[in-house]
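Report on the following structure.
This one's a predicted model, so the numbers in the text were calculated from it and none came from an experiment. Atom set for the values below is all heavy atoms of this structure, side chains included, hydrogens, waters and symmetry mates excluded. A, B, ... follow the sequence lines: proteins, then strands. Residue 1 opens every chain.
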Number of protein chains: 2
Amino acid sequence: MSTQHRFVDGYLLYLLARASSVASAEFHDQVRASGVSVAVWRVLASLKGTDGLTIGELASRCLANQPAISKTVDKLVGQQLLTRTTDPDDRRRAWVALTPQGEARVDELIARAQEHQDRLIAAIGIEEIDTLRTALTRLIDRAPAKK
Amino acid sequence: MSTQHRFVDGYLLYLLARASSVASAEFHDQVRASGVSVAVWRVLASLKGTDGLTIGELASRCLANQPAISKTVDKLVGQQLLTRTTDPDDRRRAWVALTPQGEARVDELIARAQEHQDRLIAAIGIEEIDTLRTALTRLIDRAPAKK
DNA sequence: GTTCAAAATATTCCTTTTCATATAATAATG
DNA sequence: CATTATTATATGAAAAGGAATATTTTGAAC
């Protein structure tokens with residue numbers, strides 16, 4: 001008689017995590033296949049179109065914590081994809097920016113991301129995607145702010 | 001003149017990851033504060049309401065990979081929250097299930113998750129949440145299947 | 001201008017994850 | 001039924017991530 005009620009089935013946070021995971025899986029495989037971790041991809045992509053971000057801003061945008069980003073940035077500076085510059089006006093701050101090589105690298109990845117997104121939109125339908133975008137944006141804006 | 005076009009701003013996979021992260025942050029803090037990692041919470045929650053799952057099924061539902069789940073399950077068996085039983089009909093398979101203690105533990109967490117979700121729904125609005133649920137479910141169903 | 005609090009990043013230590021592969025069991029094929 | 005392929009899980013070494021804290025710098029209060 002009982003209608004197999006499993007908690008996770010209707011749980012919104014699970015739906016969100018699962019949707020993100022499922023939708024990203026294919027592209028993330030491509031990213032890794034091109035020799036870049038998802039974490040690194042996020043760092044590079046977040047910097048594209050900016051004049052540089054601080055470590056803290058970058059961590060926030062990459063959905064990662066600060067020590068993780070500090071370490072990733074170190075590595076990428078070592079690979080000459082990023083520069084790190086101490087802010088002269090506030091020497092606590094470190095500005096991180098793409099090098100020309102970093103730009104080149106991220107441009108390739110963004111092109112693939114765009115293609116992937118185009119395929120996803122084609123598969124799902126643009127109205128559906130727009131509905132989703134709107135709902136996600138509202139959720140992000142209204143969810144309790146971190147800290 | 002240029003309308004600051006940053007790639008990530010409109011990128012669907014980023015919206016999904018960010019929404020998931022933002023919406024989950026508060027509850028995940030609660031989970032960790034109660035002495036359980038998010039990974040463990042997912043394992044326990046996934047098992048609730050089942051008669052047991054195989055390692056592989058569990059990994060898939062927890063959005064994790066198989067070795068990670070094998071190890072997490074080991075740990076939880078050690079803590080007597082789970083049992084692991086070899087399938088007699090296919091001795092490759094291992095069935096994982098909650099112990100009574102595991103049930104008790106996950107029941108508490110589920111109660112808190114439910115409360116959190118209720119607050120989230122109150123903050124966002126039920127129609128908006130339903131729209132989101134529908135859109136996420138469709139995305140999950142239609143996105144390219146893993147492998 | 002000292003002293004104290006707050007902010008940004010770095011560092012350390014430890015846990016977890018990941019990648020590749022090994023092992024074991026079953027299924028399929030000739 | 002012996003051989004090969006496939007499937008499910010385990011294992012091990014390396015990388016990444018996380019929590020707590022240290023360090024450095026700035027800002028505030030008096």
Checklist entry - Are A:T54 and A:D87 close enough, and set up right, to give a side chain to side chain contact (heavy atoms under 4.5 Å, CB included), and what steps lead you there? => result CA-CA 9 Å; A:T54 64; A:D87 185 327; over 6 Å; no

Checklist entry - Given the rule in the side chain to side chain contact (heavy atoms under 4.5 Å, CB included) test, do B:L98 and B:T50 qualify, once you have shown the distances and angles that lead to the verdict? => result CA-CA 9 Å; B:L98 292 166; B:T50 76; over 6 Å; no

Checklist entry - Does the pair A:D107 and A:K48 meet the rule for a side chain to side chain contact (heavy atoms under 4.5 Å, CB included), with working shown? => result CA-CA 8 Å; A:D107 285 348; A:K48 176 69 187 182; 2.8 Å; yes

Next on the checklist: Is there a side chain to side chain contact (heavy atoms under 4.5 Å, CB included) between B:R6 and A:R61? Walk through the geometry before answering.
Outcome noted: CA-CA 12 Å; B:R6 283 182 206 150; A:R61 299 195 192 192; 3.5 Å; yes

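For the pair B:W95 CH2 and D:dA8 C1', the computed distance is 12 Å after rounding to whole Å. Taking atom CZ of residue A:R93 and atom C1' of nucleotide D:dT26, one finds them 10 Å apart after rounding to whole Å. Rounded to whole Å, atom P of D:dA20 lies 10 Å from atom CZ of B:R32. One interatomic measurement links the two molecules: CZ of A:R42 to P of D:dG17, which rounds to 10 Å at whole-angstrom precision.
Nucleic acid contact for B:T54: sugar-phosphate only, since backbone atoms but no base atoms lie under 4.0 Å from a heavy atom of the residue.
With DNA chain D read from its 5' end, the first of the two nearest nucleotides for B:E57 and A:D90 is the one closest to B:E57. Comparing B:A64 and B:P88, the nucleotide of DNA chain C nearest to each residue sits closer to the 5' end for B:A64.
Using a 4.0 Å cutoff to heavy atoms of chain B, the contacted part of DNA chain C runs 5' to 3' from C:dT16 to C:dT26.
A salt bridge (charged side-chain N to carboxylate O under 4.0 Å, His left out) check over residues 123-136 of chain A, counting only residues at least two apart or in different chains, returns the pairs A:E128-B:R138, A:D130-A:R133.
Near DNA chain D, meaning a heavy atom under 4.0 Å away, the residues from residues 66-76 of chain A are A:P67, A:K71, A:K75.
Under a 4.0 Å N-O distance rule, the pair A:D29/A:R32 qualifies as a salt bridge.
Judged by distance alone, the side chain of B:T99 and the main-chain N or O of B:Q80 form a donor-acceptor pair under 3.5 Å.
Under a cut-off of 6.0 angstrom, the local environment of CZ in B:R91 is sparse, with at most 12 non-hydrogen atoms contributed by other residues, nucleotides or ligands.
The base of D:dT7 sits within donor-acceptor range of the side chain of B:R92, with an N or O pair under 3.5 Å.
Inspection of the A:S70 and A:Q66 side chains reveals an N or O donor paired with an N or O acceptor under 3.5 Å.
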